[in-house]
Amino acid sequence: MEMKNKFINYARNIWERAVKLLPMEEQLWFKWAYMEEMIGNYTNAREVFKGWVSWTKEEKPWKAFIKFEERMENTFNKTNENNQANKIL
């Protein structure tokens, strides 16, 4: 509901309280990290992933974190390629 109405800080507050109450609930962590990534706040998304992997030894959080970092690397590389192309033109 908060995201639909663009209340990002309220949504963050809810996610933070939820993972404090239920730290082993993977979906909460994943949805929070996904929200941060979708709004372009990659630093916060990375911090959420770091918090998530600190709570568990399961494989799923690590795989999700790795995929996130791969997406960030691809995004960074595409941005650099576009900047280089613009400089040439």
Side-chain angles (χ1 to χ4, degrees):
M1 174 100 173
E2 278 73 16
M3 284 300 299
K4 288 181 183 178
N5 295 319
K6 308 287 187 213
F7 297 134
I8 306 300
N9 288 331
Y10 291 120
R12 282 187 185 119
N13 189 13
I14 291 168
W15 287 120
E16 187 173 358
R17 286 187 285 155
V19 299
K20 282 183 181 178
L21 289 172
L22 301 166
M24 300 305 286
E25 189 63 43
E26 291 180 343
Q27 279 298 314
L28 296 175
W29 289 100
F30 182 77
K31 298 274 186 179
W32 185 12
Y34 179 77
M35 178 198 79
E36 295 291 355
E37 185 177 354
M38 289 301 102
I39 62 172
N41 196 335
Y42 306 119
T43 303
N44 275 7
R46 186 171 284 116
E47 291 304 314
V48 171
F49 276 114
K50 287 178 181 178
W52 184 13
V53 298
S54 72
W55 276 98
T56 184
K57 293 183 178 21
E58 297 293 323
E59 192 173 314
K60 184 178 177 181
W62 285 102
K63 285 184 176 182
F65 195 6
I66 290 167
K67 286 181 182 179
F68 167 76
E69 290 295 347
E70 288 171 346
R71 286 192 303 276
M72 292 304 97
E73 183 177 327
N74 290 338
T75 301
F76 178 74
N77 288 338
K78 285 181 184 177
T79 302
N80 282 343
E81 288 172 8
N82 289 339
N83 287 341
Q84 289 175 353
N86 287 337
K87 287 178 184 178
I88 292 171
L89 297 175

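These values consider heavy atoms only, across backbone and side chains, with no hydrogens, waters or symmetry-generated copies.
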Enquirer: Describe, in one word, how the ring planes of Phe7 and Tyr10 are oriented to each other, choosing from parallel (under 30°), tilted (30 to 60°) and perpendicular (over 60°).
Expert: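 Because their plane-to-plane angle is over 60°, the rings of Phe7 and Tyr10 count as perpendicular.
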Enquirer: Hey, any chance Leu21 and Trp15 share a hydrophobic cluster, counting ILVMFWY side chains that come within less than 4.5 Å of each other, even indirectly?
Expert: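 Yes, Leu21 and Trp15 fall within the same hydrophobic cluster.
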Enquirer: Nearest 0.5 Å, what's the CE-OG1 distance between Met72 and Thr43?
Expert: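 With rounding to 0.5 Å, CE (Met72) is 10.0 Å from OG1 (Thr43).
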Enquirer: Taking all atoms of both residues into account, what is the closest heavy-atom pair of Thr56 and Pro61, and its distance?
Expert: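 For Thr56 and Pro61, the tightest heavy-atom pair comes out as CG2-CG, 3.3 Å.
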Enquirer: Hey, what do you get for CD (Gln27) to CZ (Phe30), rounding to the nearest 0.5 Å?
Expert: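 That separation rounds to 7.0 Å.
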Enquirer: Nearest 0.5 angstrom please: Leu22 CG to Trp55 CH2, how far?
Expert: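 If we round to the nearest 0.5 Å, Leu22:CG and Trp55:CH2 are 10.5 Å apart.
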Enquirer: Trp62, Phe68: one ILVMFWY side-chain cluster at the under-4.5 Å cut-off?
Expert: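 Looking at the clustering, Phe68 is in the same group as Trp62.
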Enquirer: Could you grab the distance from atom CD of Glu58 to atom CD of Glu26, nearest 0.5 Å is fine?
Expert: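 It comes to 6.0 Å.
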Enquirer: Could you go step by step and tell me if Glu36 and Ile39 meet the side chain to side chain contact (heavy atoms under 4.5 Å, CB included) rule?
Expert: CA-CA 5 Å; Glu36 295 291 355; Ile39 62 172; 3.7 Å; yes
Enquirer: Could you pull out every donor-acceptor pair under 3.5 Å between side chains of residues 45-53 and any protein atom, sequence neighbours left out?
Expert:
residue : atom : partner : partner atom : Å
Arg46   : NE   : Glu69   : OE2          : 2.6
Arg46   : NH2  : Glu69   : OE1          : 3.1

Enquirer: Give the C-alpha distance, both sets of side-chain angles, the deciding distance and a yes or no for side-chain hydrogen bond (donor to acceptor under 3.5 Å, both in side chains) between Asn74 and Arg71.
Expert: CA-CA 5 Å; Asn74 290 338; Arg71 286 192 303 276; over 6 Å; no
Enquirer: Which value, rounded to the nearest 0.5 Å, describes the distance between Glu59 atom CD and Ile66 atom CD1?
Expert: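 The distance works out to 8.5 Å.
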Enquirer: Please determine whether the number of non-hydrogen atoms from other residues, nucleotides or ligands lying under 6.0 Å from atom CZ of Phe65 exceeds 12.
Expert: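 Counting other residues, nucleotides and ligands, CZ of Phe65 exceeds 12 neighbours.
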Enquirer: Could you work out, with salt bridge (charged side-chain N to carboxylate O under 4.0 Å, His left out) as the rule, every residue matching Glu25, not counting sequence neighbours?
Expert: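 Glu25: no salt bridge (charged side-chain N to carboxylate O under 4.0 Å, His left out) contacts found.
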Enquirer: Between the main-chain N or O of Pro23 and the side-chain N or O of Trp29, is there a donor-acceptor pair closer than 3.5 Å?
Expert: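 At least one qualifying donor-acceptor pair exists.
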